[in-house]
Asker: 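I have a structure here, written as structure tokens, and I will follow up with some questions on it.
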Amino acid sequence: MPDTPFPMRGDLPRREPAWVADWNAGGRDGGLYLRLRAARQGAPLFVLHDGPPYANGKLHIGHALNKVLKDMIVKSRQLAGFDAQYIPGWDCHGLPIENAIEKLHGRNLGRDAMQAKSRAYATEQISQQREDFKRLGVLGDWEMPYRTMDPANEAGQIRAFKRVIERGFVYRGLKPVYWCFDCGSSLAEFEIEYADKKSDTLDVAFEADDAAALARAFGLAALPESLASGSKKAFAVIWTTTAWTIPANQALNAHPELDYALVDTPRGLLLLAASLVEACLTRYGLEGDIVATAKGEALRGLVFRHPLHDTVSAEQGGKYSYRRRSPLYLADYVTAADGTGIVHSAPAYGVDDFNSCVAHGLAYDDILNPVQGNGVYAEELPFFGGEHIWKAVPRILEVLAQSDRLLATQAITHSYPHCWRHKTPVIYRAAAQWFIRMDEGEGVFTSDKAPKTLRQLALEAIEHTAFYPENGRSRLRDMIANRPDWCISRQRSWGVPVPFFLHQDSGELHPRTMAILDQAADIVEAGGIEAWSRVTTEEILGAEDAAHYTKSTDILEVWFDSGSTFQHVLRGSHARAYPGSASHHDSGPEADLYLEGHDQHRGWFHSSLLLGCALYDRAPYRGLLTHGFATDGQGRKMSKSLGNTVEPQSVTSKLGAEIVRLWVASTDYSGDLNIDDKILARVVDAYRRIRNTLRFLMANTSDFDPAVHSVPASELLEIDRYALSRAAELQADILGHFERYEFHPVVAKLQVYCSEDLGAFYLDVLKDRLYTTAADSHARRSAQTALWRITGAMLRWMAPFLSFTAEEAWAIFAGARSSGTIYTETWADLGTVDAALLAKWGRIREIRDLANKEIEAVRTTGAVGASLQAVLRIEAAAEDAALLRALGEDLRFVTITSAAEVVDAEALAVRVSPSTATKCERCWHYRDDVGTHAAHPTVCGRCVSNLEGPGEVRTIA
């Protein structure tokens, strides 16, 4: 029987590390990756730009999923003939590393110490993560990855920043931005996620400052006499879920087109949206009558008093005195969907509030901002100074109630923005920050203004981008269409500096700012961001200017880091690796594909798109692929508290990295990918079936040398030509999936091919010819020719995902005939698809399936054992009868029976009876001529011919 050194058992956990070591041997002077580059020198380039994982913490299953997907795509493009390079990267700056350093060394480190320790920490984390990625069989330039903390990349980021400034997109402004107290810094839209939060709602009364003006607004000569006699007062009532903003109130807002009512109640005259009167009175436990109604437009210019106006003494002064007025403005963002139809404005803590107040003339310097960066109110704030805003809420409600200004309060749970790192609630907080403008406006320095707004450029770029899956297009489009300006500055230490000098009085940038940016980039390129931190103002500006300017300590946020990597990686640090990445356009690098989890529509895809458009008026990618998250077997998010995490290191040590890879490949990544022990067990079973099929193929071609034994296509037996045509048909299908970056259909179709096309049909039929005909006979070499070509093709199909197995098998299969690795190969040439042959054998297989069902039915009665004991009588209509008769004697080999006859009939039917002949000891067929040769009394005539004579002649099967 044929044999092969390709073992039945993969023994993956033990054997894979040796392949990993071999692939990565030689460092920058060798290794498999460099051999692949040499093999593809001059070939068309394929660029998958790596979205950098963060250099912090042990790899989780989501990292494995992401990197294996990237590796499968790169390998499939390599096999398609491209120079498919992969430069892995790491995101190194930012808050998580600072947090890790603070936990290890305390929160009082200076900038120099923080930067030094952060760089060392990131280097250590990268080293650990890199080994885990290699262990997964991911091929890449691991000896020369890109790191955002490399000085060349840090300098490249400053140069990219300068270009964004030149094009008119950068400005400085006081605006409410998301602020995380745990980060101690502003956050970008990308860094926000929503979760439930418990809050207290409150309805608060603002007393009218001018009763006569209020009466006129409602067309009244005067307010009711009860008010004039002093027995009642008039109030505008607001509803809010952010009690902590009440101390910073500076205005009220109403909608110009809404109807408002003045309602007489025991608590006074209440100003409410007319449609909400009934609901509000019920909430307050009051009864009342509507005195008059008016449109919101009529309320313009009314003035009300802060609800704590009279709670402190008249002598209470200072910036945060509550003895102040709240003018009523008109704003379209106000609705009557809930609340009271009147919105209170604390312009430091809300974008709409800020825009409304500024539009109505409130100066930036007059905006009250008592909440400090750590979430604590300024000490001088009456009643609440020194308290954290979340802890101060009960006290605020208490003081409002004591002042008789709290009409109702209720605890609710609602969706609220949280920091995606700390999972804690964030607020909007006004701060002077650097922004990238989305719409029309002036930048700080503009020398080469972009032709359109950044929003317009980005929306146009989305339409020229391919999305996998397509629904990612609308998701990214909606985010870009509705996003605010991008706040790009942070108040931290470990990051690329914003190398600005601001005038101490005017706040204006130094007139030499653009030249200073070039100077800063050169300094950073030579010595990293640490070198810029050590530079003094005097060294850059000279002693005279230094006395009037302050060196900024802000850094660029990390999304600017990773979002700009295409600029300084594809054009800078790794430009040699990507010599053609700018070939599609006159300037600027462009990747063929970006691939990350679907959360990166608001993250890396988003920031890269904005910076690509800011720099080059287009996206830095031609395609975006998104995948879901790894979840447990029930579809739940993985967490240590649930105990449902799956660690890739554990799976590789127990089952092998190949099983992780096959899990990724066999799962539809467009949704979340479930994984647990039961799912992995099914993956192991699938792997074994594929490996067993592969072993059969390799065993039966072990004595086949294609240069010596190949049979020309025209001389192959018909079933062998059919098998090759079927393989060619499947390969065209598989390559189409690879082109669309689809892997789970490939795995599914490969499994069906192994079990149905090969195992249940072709190989089943072929065994007789392989095992009973002479070793060097035409019949056997024809079969081996087809098997060898199918095996070579199948190994290539498997190689992107079953990388270790394909490489192991290739070394045995191809031996000295190849370069030693399957990855220097290209897809196999299986010839053209013969549609007529496929149709013919498709019908034969249908009839064969019917015969097998009938044989199985008879077998259950005990009348026959193996199918070779059966004799078939196939009744068939003319077309089917002609088809089967054309097979001649080979019909019995196709049906794997000892005899088969075809008779004409009106309908297809199969009759099965047991053979009365003797069983051949060699081929197991039941034949009448067993024992007719005296030297071989237990062997049939054809076996004698195959052993000692000219051998049997096969034409079909």
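This structure is a prediction, so every number in the text was calculated from the model and none was measured.
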Asker: Among R429, Q433, E557, which one satisfies side-chain contact (heavy atoms from CB on, under 4.5 Å) with S186?
Answerer: Q433

Asker: Is the NZ or CZ atom of K197 positioned over W390's six-membered ring, under 6.0 angstrom from the centre and within 45° of the axis?
Answerer: yes

Asker: L454 versus V164: any side-chain heavy-atom pair under 4.5 Å?
Answerer: no

Asker: Taking the side chain as C-beta and beyond, is there a heavy-atom pair between D200 and Q410 under 4.5 Å?
Answerer: no

Asker: For W244 together with Y377, are the ring centres under 6.0 Å from each other?
Answerer: no

Asker: At their closest point, which heavy atom of I462 faces which heavy atom of R473, and how far apart are they?
Answerer: O-NH1, 2.7 Å

Asker: What do you reckon, are the aromatic ring centroids of Y171 and F435 less than 6.0 Å apart?
Answerer: yes

Asker: Can a donor-acceptor pair be found between the side chains of S326 and N249 at a distance below 3.5 Å?
Answerer: yes

Asker: Within 45° of the six-membered ring axis of F169 and under 6.0 Å from that ring's centre, is NZ or CZ of R437 located there?
Answerer: no

Asker: Would you say that N369 contacts Y349 through its side chain, given a criterion of any heavy-atom pair below 4.5 Å between the two side chains?
Answerer: yes

Asker: Tell me, do D310 and R323 make a side-chain contact under 4.5 Å, heavy atoms counted?
Answerer: yes

Asker: How would you list all residue pairs meeting salt bridge (Lys or Arg N to Asp or Glu O under 4.0 Å) that involve residues 239-259, not counting sequence neighbours?
Answerer: D259-K295

Asker: Is the distance between the ring centroids of H255 and Y260 under 6.0 Å?
Answerer: no

Asker: Cut-off 3.5 Å, side chains only: do E398 and Q402 have a donor facing an acceptor?
Answerer: yes

Asker: Where is the tightest heavy-atom contact between P307 and A205, given as atom of each residue plus distance?
Answerer: CB-O, 3.6 Å

Asker: Aromatic contact between Y322 and H309, with the criterion being ring centroids under 6.0 Å apart: yes or no?
Answerer: no

Asker: If I compare all heavy atoms of L214 with all of A208, which pair ends up nearest, and what's the gap?
Answerer: CD2-CB, 4.1 Å

